Amino acid sequence: MADMPDKPKLEGLEAKWGDTWENDGTYRFDRQAAQQVGREGVFSVDTPPPTASGSLHIGHVFSYTHTDVKARFERMRGKQVFYPIGWDDNGLPTERRVQNYYGVRCDPTLPYDADFVPPFEGTTKNIKAADQVPVSRRNFTELCEKLTLEDETKFEELWRQLGLSVDWTQNYRTISADTIRTSQLAFLNNIARDEAYQSMAPTLWDVDFRSAIAQAELEDRDRPAAYHRLAFHKTDGSGDIHIETTRPELLAACVALVAHPDDERYQPYFGSTVTTPLFGVEVPVLAHTAAQPDKGSGIAMICTFGDMTDIIWWRELDLPNRTIIGKDGRVLADAPDVITSEAGQDAYAEIAGKTVFSAQKRVVELLGESGELLNVGETFQHPVKFFEKGDRPLEIVSTRQWYITNGARGEDLRQKLLEVGSEVAFHPEFMRVRYENWVGGLTGDWLVSRQRFFGVPFPLWYGLDDNGERDYSRVLTPALESLPVDPTSDVPDGYTAEQRGVPGGFEAESDILDTWATSSLTPQLAGGWQRDDELWNLVAPFDVRPQGQDIIRTWLFSTMLRSVLEDDRPAWHHAAISGFIVDPDRKKMSKSKGNAVTPADILDKHGSDAVRYWAASSRLGTDAAFDPQNPTQIKIGRRLAIKVLNAAKFALSFDAPEGSEVTEPLDLAMLAALDRVIDQATASLDAYDHARALEVSESFFWTFCDDYLELVKERAYEGGAAGASAAVALRTALSTLLRLLAPVISFATEEAWSWFQEGSVHTAAWPVSSGAAGDPAVLEIASQALIGVRRAKTEAKASQRTPVASATITAPGSQLALLQLAAADLKAVGRIEELTIVEGAELEITEIELAPAEG
């Protein structure tokens with residue numbers, strides 16, 4: 001009690017208790033204790049590793065608080081909580097940030113410069129690629145390492161200020177040696193089980209990032225387009241066939257025309273040929289059920305490649321590949337071999353080297369000059385594929401890439417993924433369909449190679465033939481015990497460094513693994529898979545994967561896939577899916593949209609408990625609006641946290657003789673009502689409904705403060721057996737309420753707990769029903785009567801401290817006896833000399849006579 005301040009305040013609690021928790025190891029995973037209780041006594045969290053590329057935003061605070069509430073609850077339930085933290089370092093966001101921050105770009109052909117100093121440091125503006133200084137791959141990745149470490153330090157400071165109860169000794173980075181080893185090991189396992197393969201195939205390609213893009217990283221954006229009606233010439237000289245296309249610039253890549261097999265307009269031409277306008281290439285007219293008779297003229301040109309449908313037609317109709325778009329997004333310099341006429345070659349020369357946009361413009365001009373452009377339709381908007389972090393539409397180019405099977409081409413694996421998905425409890429349940437729809441809608445295996453620099457290298461080399469060319473049938477892999485490896489500097493078994501890049505020698509795979517190929521292994525990274533079997537068996541499968549709804553198709557699915565491929569089981573028992581943060585206009589907050597709010601100032605201004613309250617007030621899967629100019633819920637949370645301190649100080653001001661018990665009806669009623677709250681809050685948190693648990697706990701807390709405290713304080717002041725009953729009940733309720741609110745109001749509850757209890761409230765036992773032999777209705781009815789007394793004094797324009805000579809309260813017959821049990825406390829709090837309780841239709845104050853003013 002000596003440590004209880006005269007005027008409790010929230011300021012400074014984050015630093016005070018953050019240091020205490022760290023020094024005491026309050027949230028550390030106790031492996032020895034976990035071994036004693038076994039897997040059933042452990043609660044493990046597959047914590048999302050935030051991307052270390054810039055700053056956290058309010059959405060992170062929102063979703064991570066949801067997880068923290070659950071983790072704190074399970075810790076108080078007696079579980080050994082394994083709550084690690086990771087940092088997602090590698091990938092395109094980090095590279096882009098480094099390019100802008102330091103004003104550099106990677107050129108892997110350059111040698112390493114040990115004395116390199118970047119031209120900038122700290123700029124946040126996008127710098128044009130032409131103005132960025134080229135540096136070697138090693139120089140570039142060193143800058144990536146440097147900046148991500150700085151970002152992670154800032155992130156940790158904010159997480160600690162927020163009060164996340166993670167175990168900071170259980171951490172990982174997605175670019176560390178252990179992580180690289182784990183990722184490479186998992187990939188080599190995929191190769192050994194024939195789950196990974198390489199293929200030369202059409203690939204979605206971002207021309208700015210110069211990298212292949214996987215299906216899970218796509219998004220549709222509306223772009224303007226127009227149909228161009230073109231004349232293809234029948235080779236028998238009998239006329240033309242008209243097609244309509246939005247991509248006339250791909251005419252040189254045309255390999256066929258296609259119509260629906262039931263379309264009577266084109267059935268006579270199936271099996272015949274036509275020549276392409278401008279280029280004069282003979283192509284077949286074919287039938288395929290994917291053609292749409294009601295779209296355009298009903299017949300389409302197949303080009304390699306304009307869209308995903310072109311790829312389907314190309315594969316299923318066994319057509320040639322005449323790709324004309326290069327990895328830089330420009331038309332290739334050399335025309336396809338089938339363009340043999342002088343006119344066709346001249347036309348191709350007009351577009352060679354141009355961007356897609358410029359090439360389209362020139363092709364349309366040439367078609368107009370040749371008379372083969374019959375019409376250009378009205379401009380309309382249509383969806384175009386983009387890389388989710390890209391600025392220009394994706395192109396489809398032919399490249400050799402690595403893939404991992406994901407069920408798209410294998411029905412057995414697809415069904416297995418659906419089966420293990422059904423074993424996971426989704427919170428909220430409706431989020432399950434997003435997983436199932438993604439699995440059911442897969443169209444291709446997982447493309448896992450990226451033509452980037454900062455990431456996990458493929459642990460591979462290729463044998464070179466006598467001409468120094470890669471022999472893709474000779475993939476060289478390292479011994480597992482040698483992992484991690486960097487193939488650009490390490491040498492495969494059986495070779496020497498002098499054989500690198502020479503005929504008969506070897507060459508490194510320079511691509512890196514997709515960042516999701518590492519992030520999909522977060523349970524393995526945190527849980528010691530293939531590194532610490534004892535830990536892995538204690539925590540896996542994990543209890544919960546918390547994450548955002550927008551990455552179900554990427555992170556949740558890919559993690560489930562890796563778990564199925566490695567262990568033939570789900571990665572976790574529960575998936576907790578948070579909603580989005582939206583701005584006052586109900587638009588999703590994101591850094592890319594420029595409406596994200598950074599949380600540091602909000603935490604400083606309002607306090608962490610207030611922000612935690614705001615976050616915990618929203619259910620999983622529900623979007624929450626946030627207005628930084630008027631954060632109403634945060635203000636309510638701050639008021640609650642302050643009230644916790646003040647109510648605790650007041651409740652602790654009453655002492656009870658040793659051995660005192662709760663005997664008075666109102667006290668027993670309060671504790672019985674509190675038992676109900678305990679049961680409701682516990683059931684809600686068990687069901688991952690933290691918002692409901694907070695709602696019932698907070699509602700009772702205000703009843704406790706506004707009504708019960710007022711009703712019993714006079715009796716508590718008076719002492720005696722009745723006063724001791726109130727004092728014991730107050731302390732009992734305070735202990736319970738602090739524990740109920742501790743997962744959300746973590747700092748204020750810890751401060752108040754320290755005033756009268758040993759240890760931390762966050763390692764105290766979660767409250768259970770006391771079995772108090774009272775009727776909660778007594779407190780409810782007494783509270784209603786108290787409200788009536790206050791209202792009567794207010795209407796009489798009298799102070800609440802004004803004595804009352806007499807008052808009459810009516811109540812239904814079923815409530816009379818209950819109201820009589822609280823009569824003494826009502827008289828005391830209302831300063832009522834004579835209180836009459838009679839039967840009536842409803843509970844109300846029917847008569848009140850104020851005592852005459854003295855003097």
Side-chain angles (χ1 to χ4, degrees), residues 49-54 86-124 126-127 129 131-155 171-185 187 206 208-212 389 402 448-461 478 482-491 497 500-501 507-519 521 525:
T51 301
S53 58
W87 307 109
D88 192 4
D89 312 275
N90 72 57
L92 294 173
T94 297
E95 290 190 23
R96 174 176 277 186
R97 174 161 157 74
V98 166
Q99 288 170 346
N100 292 329
Y101 193 89
Y102 293 113
V104 299
R105 60 181 171 84
C106 183
D107 182 347
T109 66
L110 295 176
Y112 176 67
D113 180 358
D115 299 319
F116 175 75
V117 177
F120 303 106
E121 185 162 347
T123 180
T124 57
N126 287 328
I127 302 171
D131 298 328
Q132 293 171 347
V133 175
V135 296
S136 72
R137 181 170 185 164
R138 182 177 169 188
N139 284 120
F140 185 76
T141 56
E142 284 180 353
L143 290 174
C144 290
E145 285 270 5
K146 180 175 184 285
L147 189 56
T148 53
L149 284 171
E150 292 176 5
D151 286 341
E152 287 159 16
T153 299
K154 296 174 184 175
F155 286 12
N171 62 79
Y172 64 88
R173 302 177 67 228
T174 60
I175 201 63
S176 69
D178 278 343
T179 293
I180 294 173
R181 176 191 172 276
T182 299
S183 298
Q184 291 181 338
L185 174 59
F187 181 73
D206 189 287
D208 293 319
F209 285 106
R210 300 289 181 91
S211 182
K389 295 179 175 64
W402 278 96
V448 293
S449 47
R450 292 292 182 274
Q451 292 65 52
R452 300 301 298 171
F453 313 110
F454 187 56
V456 175
F458 278 88
L460 305 171
W461 303 264
S482 69
L483 300 177
V485 300
D486 181 352
T488 63
S489 57
D490 295 323
V491 176
R500 185 184 297 273
E507 188 173 69
E509 172 60 80
S510 59
D511 287 352
I512 63 171
L513 281 159
D514 171 23
T515 186
W516 292 113
T518 298
S519 296
L521 296 168
L525 296 176

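This structure is a prediction, so every number in the text was calculated from the model and none was measured.
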Distance check, rounded to the nearest 0.5 Å: [X] atom [atom1] versus [Y] atom [atom2]?
X	Y	atom1	atom2	value
D113	E142	CG	CD	10.0 Å
C144	I175	SG	CD1	8.5 Å
L460	W402	CG	CH2	5.5 Å
S449	I512	OG	CD1	10.0 Å
L521	W516	CG	CH2	12.5 Å

Give the intermediate values and the outcome of side-chain hydrogen bond (donor to acceptor under 3.5 Å, both in side chains) for residues R173 and T148. CA-CA 10 Å; R173 302 177 67 228; T148 53; 3.2 Å; yes
Heavy-atom side-chain proximity of [X] to [Y] below 4.5 angstrom:
X	Y	result
P457	I180	yes
D178	L525	no
V104	P119	yes
V133	F116	yes

No-hydrogen, no-angle side-chain donor-acceptor test under 3.5 Å, [X] and [Y]:
X	Y	value
D107	T109	yes
N139	S136	yes
T174	D88	yes
T182	T179	no

Could you tell me whether a side-chain N or O of [X] sits under 3.5 Å from a main-chain N or O of [Y], the two making a donor and an acceptor?
X	Y	result
Q184	V485	yes
E509	P459	no
T153	L149	yes
W461	P487	yes
Q99	Q132	no
S183	T518	no

Do R138's NZ or CZ and the ring of Y112 fall within the cation-pi criteria of under 6.0 Å and 45°? yes
From CA spacing to verdict: side chain to side chain contact (heavy atoms under 4.5 Å, CB included), R450, L513: CA-CA 6 Å; R450 292 292 182 274; L513 281 159; over 6 Å; no
Would F458 and F187 count as a side chain to side chain contact (heavy atoms under 4.5 Å, CB included) here? Give the steps. CA-CA 8 Å; F458 278 88; F187 181 73; 3.5 Å; yes
Taking all heavy atoms of [X] and all of [Y], pick out the closest pair and write down the distance.
X	Y	result
P118	Y102	CG-CD2, 3.6 Å
P484	R181	CB-N, 3.8 Å
R105	F140	C-CD1, 4.3 Å

Going through the distances and angles, do L110 and R137 end up as a side chain to side chain contact (heavy atoms under 4.5 Å, CB included)? CA-CA 8 Å; L110 295 176; R137 181 170 185 164; over 6 Å; no
I'd like to know if E95 and R452 make a salt bridge, using a cut-off of under 4.0 Å between side-chain N and carboxylate O. yes
Could you walk me through whether E150 and E145 pass the side chain to side chain contact (heavy atoms under 4.5 Å, CB included) check? CA-CA 9 Å; E150 292 176 5; E145 285 270 5; over 6 Å; no
What orientation do F155 and W87 show, parallel under 30°, tilted 30 to 60°, or perpendicular over 60°? tilted
